[in-house]
Amino acid sequence: MFTGDLEKLAKEGLLRAARDREGLQGRIVSISGARLLNFASNDYLGLSAHPDVTGAAQKAVLEYGAGSGAARLLAGGTLLHQRLEEETAKFLGRESAIIFNSGYHANLGAIPALSGPEAEIFSDELNHASIIDGCRLSRAKVHIYKHKDNGHLEDLLKASGARKKLIATESVFSMDGDTAPLEEIFHLSEKYNALLYVDEAHAIGVFGGGRGLVSQLDLPPIPRLVQMGTFGKALGSYGAFIAADKDIIAWLQNTARTFLFSTALPSSIIGASLAALEIVSTGKAPIKTLWANRDFLLNGLKNSGLVLCPTESPIIPILFDSVEEVNELSKKLFDSGIYAPAIRPPTVKRPRLRITVSASHEEGDIGKLVATLKLLLR
Ligand SMILES: *Cc1c(COP(=O)(O)O)cnc(C)c1O
């Protein structure tokens with residue numbers, strides 16, 4: 001079964017396989033016996049191996065058990081879950097927050113709960129698969145607007161007669177590294193009476209002192225704004241949150257199916273998220289180092305002849321014309337001790353090497369990446 005389909009994928013260079021680590025996530029990872037400089041992780045602040053974070057996970061697992069045993073509303077939650085929601089809301093200056101098991105769960109559950117068959121959704125064409133799937137599950141009419149094109153978005157909003165509208169966008173686009181024009185989108189959401197759903201998966205811990213791109217913008221009080229973010233990327237743990245006004249959160253607690261019908265996250269994960277949030281919210285996370293490293297890499301790649309996405313974040317995608325080219329480069333990098341994965345269709349239209357910088361990198365690591373890229377592409 002599926003043998004022919006798999007052969008076809010392999011022939012097109014599109015077959016995927018997991019490359020599993022033999023130890024910690026971090027600056028250096030060990031894969032298939034090789035020690036590699038890691039430019040593939042979204043653990044931007046190196047928090048996944050931070051002793052406070054792993055220590056909190058250990059403490060929580062002994063206090064509350066390994067598994068949570070049930071969905072949140074059925075005795076699956078703990079005081080830690082409650083505290084993480086309170087701390088998240090406080091962190092973002094919102095009335096309330098709800099934890100989902102992952103970013104995927106959040107988008108899959110919240111987007112349908114906040115829209116529905118009689119609603120219309122306006123979604124950036126480069127939005128993450130989980131947003132796309134959430135839109136599909138909602139049975140709402142979905143309008144895809146051109147990437148970051150507010151003129152197109154406004155035309156679609158203007159033409160819509162729907163009573164319920166929801167605009168969905170990432171704040172930092174996960175495969176391109178650029179940012180959404182949130183301020184203008186926010187004004188459009190006001191003008192056309194639409195909910196604004198912002199996915200900050202790659203902005204939490206990175207922008208706005210760790211509070212995300214929305215927080216950086218200093219918008220007026222914002223009842224129609226729904227902020228989604230994850231604990232699994234810069235916060236080094238796992239899971240996700242939605243922060244908003246309290247009625248929206250109460251509505252999600254009552255209607256988001258991925259919240260209602262999935263076993264709650266285990267306490268170890270929640271403990272880790274709480275510890276990571278504390279590090280970021282008290283200004284102890286190495287966000288400045290992250291940005292300095294990112295600027296150092298971009299500078300190194302200047303005049304290299306490589307085609308970069310117009311990135312505004314620590315996600316640095318290098319574009320290629322063919323899958324073969326990017327596969328070959330990624331493999332050669334691996335053989336040179338550098339882990340930088342090829343991202344191929346259908347995840348993206350144009351094949352790319354997706355490099356992510358972290359605060360854990362040293363200048364020498366970035367220097368080696370730049371030198372190796374230049375050497376291999378000569
Ligand atoms: C990673 C990601 C998600 C999914 O989050 P998980 O916690 O990994 O399930 C959602 N949206 C965006 C933009 C992402 O990059």
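Hydrogens, waters and symmetry mates play no part in the numbers below; they use all other heavy atoms, side chains included. Numbers for residues simply follow the sequence, beginning at 1. In listed order, ligands and their atoms are each counted from 1.
By the 6.0 Å contact criterion, CZ on Arg163 is open, its count of non-hydrogen atoms from other residues, nucleotides or ligands being 12 or less. More than 12 heavy-atom neighbours from other residues, nucleotides or ligands sit within 6.0 angstrom of CG on Asp5.
Of the possible donor and acceptor atoms, one in the side chain of Ser138 sits under 3.5 Å from a partner among the backbone N and O of Ala140.
Looking at residues two or more places apart in sequence or on another chain, you find a ring-ring contact (aromatic ring centres under 6.0 Å, His included) between His143 and Phe122.
In this structure, Trp291 has its ring center closer than 6.0 angstrom to the ring center of Phe207.
Under the 4.0 Å criterion applied to side-chain N and carboxylate O atoms, Glu85 and Arg72 are assigned as salt-bridge partners.
Protein residues having a heavy atom under 4.0 Å from any atom of ligand 1 are Ser102, Gly103, Tyr104, Asn107, His128, Ser130, Glu170, Ser174, Asp199, Ala201, His202, Thr230, Lys233, listed by chain and number.
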